[in-house]
Novice: 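Sharing a structure here in structure tokens format.
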Amino acid sequence: MASGGRDHFDEMCGRGEGVRVPYRRYQHWLDSEDPTRLKRKAGEAERFFRRLGITFNVYGDEEATERLIPFDVVPRIISAREWARLSRGIEQRVRAINAFLHDIYHRQEILRAGRIPVELIAQNDTFLPQMIGLAPPGHVYTHIVGIDLVRTGENEFYVLEDNARTPSGVSYMLENRETMLNMFPELFATVPVQPVSTYPRDLRRSLAACAPSDRAATGTPTIAVLTPGIHNSAYYEHAFLADQMGAELVEGHDLRVVDGHVAMRTTRGYQPIDVIYRRVDDDFLDPLNFNPQSVLGVPGIFDVYRAGNITIANAPGTGIADDKAIYSYMPEIVEFYTGEKALLKNVPTWRCSEKDALSYVLDHLDELVVKEVHGSGGYGMLVGPAASRREIASFRKKLMARPGNYIAQPTLSLSTVPILTRAGLAPRHVDLRPFVLVSPNGISITPGGLTRVALKKGSLVVNSSQGGGTKDTWVLDE
Amino acid sequence: MLGKTAGGIFWMFRYLERSENTARLVDAGFRIALTRSEAAEKEWESVIATAGVRDLYLRRHEAYQGATVVDFLLRDRSNPSSVLSIISAARDNARLVRTALTREVWEAVNECWMTLSEALSRPVRERDLPECLATIRQQSALVRGALHGTMLRNDIYDFARIGTFLERADNTARILDVKYYVLLPSLSLVGSSLDNVQWETILRSVSAHQAYRWVTKGDTNPRGIAHFLILDRRLPRSLAFCYAKICNNLGYLETDYGLRLPAHTMADACYQSIGNRSIDDIFDEGLHEFITAFIAENQALGAQIERDFRFYE
């Protein structure tokens, strides 16, 4: 797809004017490095990941159900100054998202003010009426947020997506760093990289601070990670986080409501828990209150939640904030709740539910990226410049049949970072997902994040399900 | 700890123990088949019986041929007790209880699974069999080593040990169950070479042939072998040894939890019924009856542990 030549910004070499400052020390190391050693190390990394079992399951694939997400050994480097700017923007945005969620489930001032259309909320499947009037412990809705960013130039960053439900990938942020430390310890002696290893401890502290008030006071609330089980594609991450936090890893059938509390079945009987970091969707959380078919959740947990006796992170109903149609209103949302202009830019978005926008989109399908409003994982989207005529024609039909189901954005010229290929270093497009923790004590952002990279030359799709890989992300300490 | 986690640990170590025992059984059978081809088919039949998969085997095969039996016991996915099936199950359990394992133990199990999946991806040729069996035993030993070297001595460790010894006791008892007649005085022609081979096989199946020589200075006799496998507390695969360990670990759990549970009482009773007898008592009462009763009690203990510690809902 369109990316040839130097029409995009390379984070290591800019637009061809030589190695950019954040990469200079790395380049210096690279110059003295034997290329064959580097390739050998890249092979070792794969073995390392396999031995640790850092794999993800592929649905509907009988044999070889465990795959590795390819890891690239060239780090993605961000300067301290760039990071400080990004952090301010992220913090502002996350603050606004929480304020928005609180408002939308309470007084709905933003609707009364006419800043976003009522039907966008009322007719949205991710809006959870059961949450109306309910205040989560500590008034936090999104305890863990992942903000997907892309870069198009020296000072240009855009938010592509807000992951306000159950953002995944943080285990890769941590294991990628661990792998780099193992493989290239000498690099970390010369390049001052800010550590990411504090994340599990920060997560624990942050979740503990959100425990129901009577338990938060005692200082050591019981925390559990709720997973759909070992066959879930992100199971490795669920186990990893529980292990690193010293939390219990539970499935729905380990839990039960006992005396108005959620309790887990231990070898000594049922013991109450205070905070659930759930990695199952809202719909599956409670068969009594939501999807009755669910076997992943806990019958009655929502009643305990309503009574204020359990913290669920993230809160049910946060999906309304990462809906792609809502996304297009984020600049208004940030301004409405913070009184400031949004520091981070949104990608211009055409809402196909609007007549003028739809006709523009239909006329420019070959230039635009069109996404499903509730889609994720890079599925069900059209990347116009890369699509064939037939693909565009068939997408046009889908779009015309259900315009409200789609949004469209210009095809951004994403920045590149080099990866190690058989022929040496070669630029590939990347995005960035920093991880943000929210508690009554404040917002904390781990310096780094998950860099996803499209391994195919020219490709703009970074999702692991579509042939994407990952990189270690360095924020320099200066 | 979660009941599910306790169950996962317990079964993970049962499975690992079983994979190792199956490798030993195959090794012993293979040895007889090599040296005494006329006895081979009978020997393979008893190997299948000892592994507890006779019905399943007969549903798929008619004759007890070496290559077929070996493939069934090591690789057949339709046999839930084959080494390949059991190692997958052990690793699934390890994934389930990942948060209760040290990184070393997890990596050892994961490596064990990767190594054996590779080693057993194709039928094992006869000439590669000894090496393959050695690999199976080694991989299981590596996990045990990581367990000993890195795990906290708490309830998690207790469940790992209890699973190991319950499975091991079951295995030793099954060997005696299938081969008891070889040890009976009425049928043994003293000193016949067939008997010597059979006795040797029993000892090999529990890796006790060397130890037996050390202890007895070479005097091989059926009563001595039965005593060694059932009552000798020095032999790590004897019933008495396994039950001493099970009782110890249940005792630690009792202290830890401040509660004596029915499983502990059951285990103590079983241990005493072994410890209070001499080998002559056992032969007088009937070796086979003794073994049959033991296997049933051992199974019942497993079920009681599941209930007492809430492995399942």
Side-chain angles (χ1 to χ4, degrees), chain A residues 46-57 62-66 68 171 175 178 182 200 222-232 234-256 263-271 273 295 298-299, chain B residues 1-10 12 77 88-89 91-115 117-118 121 142 146 152 154-156 158-159 162 250 252-254 256-259 261 263 305-313:
Chain A
E46 183 176 330
R47 227 195 99 62
F48 184 75
F49 279 88
R50 281 229 180 267
R51 204 176 65 215
L52 285 179
I54 309 181
T55 53
F56 69 100
N57 301 325
E62 258 317 306
E63 279 300 305
T65 46
E66 290 184 17
L68 286 181
S171 59
E175 292 289 12
E178 195 62 28
N182 262 305
T222 304
I223 301 175
V225 177
L226 176 63
T227 174
I230 65 167
H231 300 295
N232 183 269
Y235 179 78
Y236 170 78
E237 177 156 304
H238 307 161
F240 176 85
L241 287 175
D243 186 40
Q244 297 276 312
M245 276 198 288
E248 293 288 349
L249 179 65
V250 299
E251 293 173 47
H253 59 79
D254 295 315
L255 303 179
R256 169 185 291 185
M264 59 186 174
R265 194 182 71 254
T266 76
T267 48
R268 309 186 210 194
Y270 279 89
Q271 290 179 357
I273 53 182
V295 291
V298 188
Chain B
M1 80 188 286
L2 291 177
K4 173 190 70 187
T5 307
I9 292 272
F10 175 85
M12 171 186 162
R77 285 265 181 202
S88 286
R91 188 209 181 230
D92 275 351
N93 274 284
R95 263 164 63 82
L96 189 73
V97 302
R98 177 64 188 84
T99 55
L101 302 174
T102 58
R103 191 159 180 150
E104 279 90 340
V105 173
W106 159 252
E107 280 186 32
V109 184
N110 197 37
E111 284 253 37
C112 169
W113 172 75
M114 287 192 290
T115 307
S117 300
E118 171 60 28
S121 60
L142 288 172
L152 208 59
N154 59 5
D155 47 357
I156 297 173
D158 291 327
F159 287 111
I162 292 169
L250 283 168
Y252 300 144
L253 284 172
E254 181 182 331
D256 200 3
Y257 290 6
L259 186 67
L261 292 158
I305 289 171
E306 269 177 21
R307 279 194 297 277
D308 284 356
F309 297 101
R310 303 159 213 262
F311 289 0
Y312 308 104
E313 260 177 292

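Naming convention: chains lettered A, B, ... in sequence-line order (proteins, then strands); numbering from 1 in each chain.
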Novice: Measure from the side-chain N and O atoms of B/E104 to the backbone N and O of B/A146, and report whether any donor-acceptor pair falls under 3.5 Å.
Specialist: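 Side chain of B/E104 to backbone of B/A146: no pair is present.
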
Novice: So for A/E251, is it side chain, backbone, both, or neither that comes closer than 4.5 Å to the heavy atoms of chain B?
Specialist: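 Both the backbone and the side chain of A/E251 come within 4.5 Å of chain B.
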
Novice: Quick check on B/D308 against chain A: is it the side chain, the backbone, both or neither that has a heavy atom closer than 4.5 Å?
Specialist: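 The backbone, not the side chain.
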
Novice: With a 4.5 angstrom heavy-atom cut-off, is it the side chain or the backbone of A/V225 that approaches chain B, or both, or neither?
Specialist: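 When you check distances to chain B, no heavy atom of A/V225 falls under 4.5 Å.
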
Novice: Could you check if a side-chain atom of A/R265 sits within less than 4.5 angstrom of a side-chain atom of B/E313, using non-hydrogen atoms only?
Specialist: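 Of all side-chain heavy-atom pairs linking B/E313 with A/R265, at least one is under 4.5 Å.
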
Novice: Based on non-hydrogen pairs under 4.5 Å, which of B/Y312, B/F159, B/F311 is most in contact with chain A?
Specialist: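 Max contact count across the listed options: B/Y312.
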
Novice: Let me know if B/D256 has heavy atoms under 4.5 Å from chain A in its side chain, its backbone, both or neither.
Specialist: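 Contact with chain A involves both backbone and side-chain atoms of B/D256.
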
Novice: Name the option with the most non-hydrogen atom pairs under 4.5 Å to chain B; the candidates are A/H253, A/E248, A/M264.
Specialist: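 Heavy-atom pairs under 4.5 Å are most numerous for A/H253.
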
Novice: Do B/N110 and A/R51 pass the side chain to side chain donor-acceptor pair (under 3.5 Å) test, and can you show the C-alpha distance, the side-chain angles, and the key distance before you say yes or no?
Specialist: CA-CA 6 Å; B/N110 197 37; A/R51 204 176 65 215; over 6 Å; no

Novice: Between B/F309, B/Y257, B/W106, B/W113, which shows the greatest number of heavy-atom pairs under 4.5 Å with chain A?
Specialist: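 Of B/F309, B/Y257, B/W106, B/W113, B/Y257 has the most heavy-atom pairs under 4.5 Å with chain A.
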
Novice: Quick check for you: to the nearest 0.5 Å, what is the distance between B/I162 atom CD1 and B/I9 atom CD1?
Specialist: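 These two atoms lie 11.5 Å from each other.
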
Novice: With rounding to the nearest 0.5 Å, note down the distance linking CD in B/E107 to CE in B/M114.
Specialist: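 The CD atom of B/E107 sits 8.5 Å away from the CE atom of B/M114.
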
Novice: Can you tell me how far the CD atom of A/E175 sits from the CZ atom of A/F240, to the nearest 0.5 Å?
Specialist: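 Spacing of CD (A/E175) from CZ (A/F240) equals 4.5 Å.
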
